[in-house]
There are 2 protein chains.
Amino acid sequence: MGRLEDPVSAKPTILDVARVAGVSKSTVSLVLQKNPIVSEGARSRVLAAIRQVGYVYNRNAANLRQSRSNAIGIVVNDVTNSFFAEMAVGMDMIVQSAGFVQLMAHTGESVERQAEVLSAMLEHGVSGIILSPARGTRAADLKAHMAGPVPIVLAVRDLPGLRATTVVADNRAGSHEAARHLIGLGHCRIAWLGGFPDTSVYQTRLSGLRDAMAEAGLLFEEAYAVESNASRPGGVQAMGRLLDMPGHPMACMCVNDAVAFGACDGLRGAGLEPGRDFAIVGFDDVMGARTAVPALTTVATDPEAVGRRTAQILLHRISSGDVRPETITTPARLVVRASCGEPWSAGPVAAAGAVPEMR
Amino acid sequence: MGRLEDPVSAKPTILDVARVAGVSKSTVSLVLQKNPIVSEGARSRVLAAIRQVGYVYNRNAANLRQSRSNAIGIVVNDVTNSFFAEMAVGMDMIVQSAGFVQLMAHTGESVERQAEVLSAMLEHGVSGIILSPARGTRAADLKAHMAGPVPIVLAVRDLPGLRATTVVADNRAGSHEAARHLIGLGHCRIAWLGGFPDTSVYQTRLSGLRDAMAEAGLLFEEAYAVESNASRPGGVQAMGRLLDMPGHPMACMCVNDAVAFGACDGLRGAGLEPGRDFAIVGFDDVMGARTAVPALTTVATDPEAVGRRTAQILLHRISSGDVRPETITTPARLVVRASCGEPWSAGPVAAAGAVPEMR
DNA sequence: CTGAAAGCGCTTACAG
DNA sequence: CTGAAAGCGCTTACAG
């Protein structure tokens with residue numbers, strides 16, 4: 001049978017519309033731009049013609065002519081991670097309401113893929129880019145792009161050594177608040193689980209705990225800072241090592257929620273119920289613990305809020321031309337889902353071999 | 001201080017590159033397209049000039065001239081849902097390796113937003129679109145777009161009445177397999193929880209259960225098909241109603257994983273442990289139960305695989321010009337995470353007032 | 001291999 | 001309000 005030569009296969013342009021409507025192509029263009037200068041009669045004829053010929057606006061041509069773009073690029077390290085997915089949704093809200101379209105791409109935590117994606121977006125002429133950097137991104141990887149004419153704002157992860165505008169969560173304040181919460185419940189010894197001291201999250205979050213304890217006249221014992229991979233298995237392992245220490249604390253803070261997950265697993269493996277027998281605090285940023293572990297008390301950064309804030313900042317840079325690097329902080333709030341005070345309570349705790357806390 | 005007049009503010013074009021390299025702009029264009037016809041000397045001078053002036057390729061201009069596009073649109077109903085996020089990642093893999101760039105957008109389950117996003121993508125001249133429809137999308141909402149020249153493939157959700165190519169999970173087969181699994185564990189009565197009979201998922205999935213029971217010489221009792229909203233609260237409610245029925249089954253299948261979540265909640269509320277006291281099967285498609293309820297046995301459709309398959313099909317349509325609507329099925333496999341046989345076991349089951357099963 | 005020229009689909013002054 | 005004309009940054013035959 002073969003396909004017949006299709007006379008309509010060439011996409012209609014404003015010229016076709018103009019012909020059908022019986023006006024000039026300037027008029028069509030004016031109508032498309034909703035310019036009120038066009039007479040109502042001409043306008044409706046054009047609109048009818050557009051429908052009739054099945055015209056679809058070629059925004060790339062328009063952008064080329066106007067040498068501007070209505071697109072903003074969002075480069076996310078991992079859409080699969082609900083924190084970043086929700087953040088992207090927040091960005092979308094703002095970007096959309098500002099009349100831009102969002103081009104979203106994801107790097108899967110690959111630095112090479114990130115470079116490709118960034119170039120692609122730049123070649124496509126986006127007006128600005130929000131980048132949530134892939135793990136392992138070095139300042140040098142981004143330097144060239146940061147120097148270019150299109151504004152790039154970093155979200156969530158900061159890159160030491162890069163002069164860039166970055167929106168990060170207020171990790172120290174969140175951690176501090178969580179620690180005060182635990183102290184308020186009566187815990188005078190609190191452990192720290194997971195992560196490694198050479199990362200900025202570890203330092204910042206642990207410092208919140210340290211400071212809060214110091215302010216309350218308590219001592220943070222370094223022995224109870226248990227390092228591990230910042231993963232769920234890491235959390236299991238760290239909790240195991242903590243529980244092996246005689247007279248260990250019955251409260252801990254975890255470097256992130258993956259570790260908190262694992263710590264809960266480890267706790268249950270030892271016959272303890274998190275949030276009842278042992279106070280445990282996580283940070284909502286890796287696994288979306290929000291929905292998954294209802295009993296877990298967490299320091300939460302609202303991902304949508306981060307997204308909205310970041311997008312606002314990018315839009316501002318685009319319109320103002322401002323390029324001074326700046327670090328912006330979004331609030332982290334404590335979400336208490338299980339209280340676990342009375343750390344001296346007997347019962348399962350005692351059964352697990354823990355020494356009651358001293359007040 | 002004010003910003004100084006920036007002499008380099010105008011983005012460099014191939015003309016600037018040509019000037020610096022001392023060649024014609026045709027040559028620059030040839031180099032950019034990696035055309036081997038250019039002499040090595042000219043090529044390296046051009047490459048150097050590109051770096052020197054900070055040239056970035058304007059792909060929109062190129063696309064306009066060539067009247068083709070290197071972009072593919074992915075419209076997702078909810079990136080926040082890990083199933084769809086992973087699906088998008090699968091799509092990205094294929095799209096990328098085929099040399100396209102992916103423009104991803106999300107509709108947040110809003111039909112109006114979906115219409116806007118689709119139009120935007122079409123205006124941006126994408127070569128094809130993959131659409132995972134927003135809940136409540138009617139065939140009529142998409143009819144106009146489907147008739148257009150750019151191929152659109154639907155993913156995951158099919159729209160009855162729309163002549164479109166759709167990639168869906170093999171719900172019936174998955175459901176059938178799950179039912180056989182429960183039967184193999186010794187259950188001769190199985191309940192059905194959640195959803196409403198006027199949806200195609202409900203019908204397809206329930207039919208898998210019905211058929212499997214019939215094949216095993218068992219009777220599916222309609223009284224144990226408990227309708228409810230396909231949500232977590234709906235699941236709680238449906239499970240509650242089931243448990244209120246005297247002599248109810250100790251196994252059920254749930255219309256989706258949100259309901260399965262709720263059913264677990266309901267079970268625990270009644271002092272029963274899902275996967276130990278009561279066999280429960282969900283479908284991995286709404287809430288990403290994969291990670292969240294480790295004890296839940298599910299019928300899983302690999303979201304990445306769906307994404308890859310869908311993208312392949314779209315790419316094929318783009319290159320072949322084929323437009324015949326077609327329904328493609330991707331396999332669903334049973335993921336057993338908790339076995340719960342011996343449905344006549346006493347203990348907590350009896351305590352909850354359930355009558356032991358008869359074999 | 002290079003240069004001059006036309007054209008992709010739009011917008012934008014500028015006369016009428 | 002409309003038409004003719006130039007130009008956005010590229011590609012593409014087509015002579016040289």
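Note that this is a predicted model, so its numbers are computed, not measured. Chain letters run A, B, ... following the sequence lines, proteins first, then strands; residues in each count from 1. Below, each value reflects all heavy atoms present in this structure, side chains not excepted, and no hydrogens, waters or symmetry copies.
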Run the salt-bridge test on [X] and [Y] with the 4.0 Å N-O cut-off and return the result as yes or no.
| X | Y | answer |
| --- | --- | --- |
| R309(A) | D302(A) | no |
| K143(B) | D141(B) | no |
| R45(A) | E40(A) | no |
| R19(A) | D16(A) | yes |

Review point. Going by number, which of residues 39-47 of chain A have a non-hydrogen atom under 4.0 Å from DNA chain D?
Key: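 Those residues whose heavy atoms fall under 4.0 Å from DNA chain D, taken from residues 39-47 of chain A in numerical order, are S39(A), A42(A).
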Exercise for review: May I ask you to decide if G128(B)'s main-chain N or O and R317(B)'s side chain share a donor-acceptor pair within less than 3.5 Å?
Suggested key: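 Absent.
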Review point. If only atom types and distance count, is the side chain of R308(A) paired as donor or acceptor with the main-chain N or O of M91(A) below 3.5 Å?
Key: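 It does not hold such a pair.
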Review point. Have S29(B) and Q33(B) got a donor and an acceptor in their side chains that come within less than 3.5 Å?
Key: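 Result is yes, a qualifying pair exists.
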Review point. Taking atom types as modelled and ignoring hydrogens, do the side chains of H124(B) and N58(A) form a donor-acceptor contact shorter than 3.5 angstrom?
Key: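 No pair is found: no donor N or O on one side chain lies under 3.5 Å from an acceptor on the other.
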Exercise for review: Any strand is fair game: report the nucleotide pairing with dC14(C) by Watson-Crick or G-U wobble, both distances under 3.5 Å, or none.
Suggested key: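 Pairing partner: dG3(D).
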Check your understanding: Which letters describe nucleotides 3-11 of chain D, given B = protein heavy atom under 4.0 Å from base, S = only from sugar-phosphate, - = neither?
Key -> BB-BBBBBB
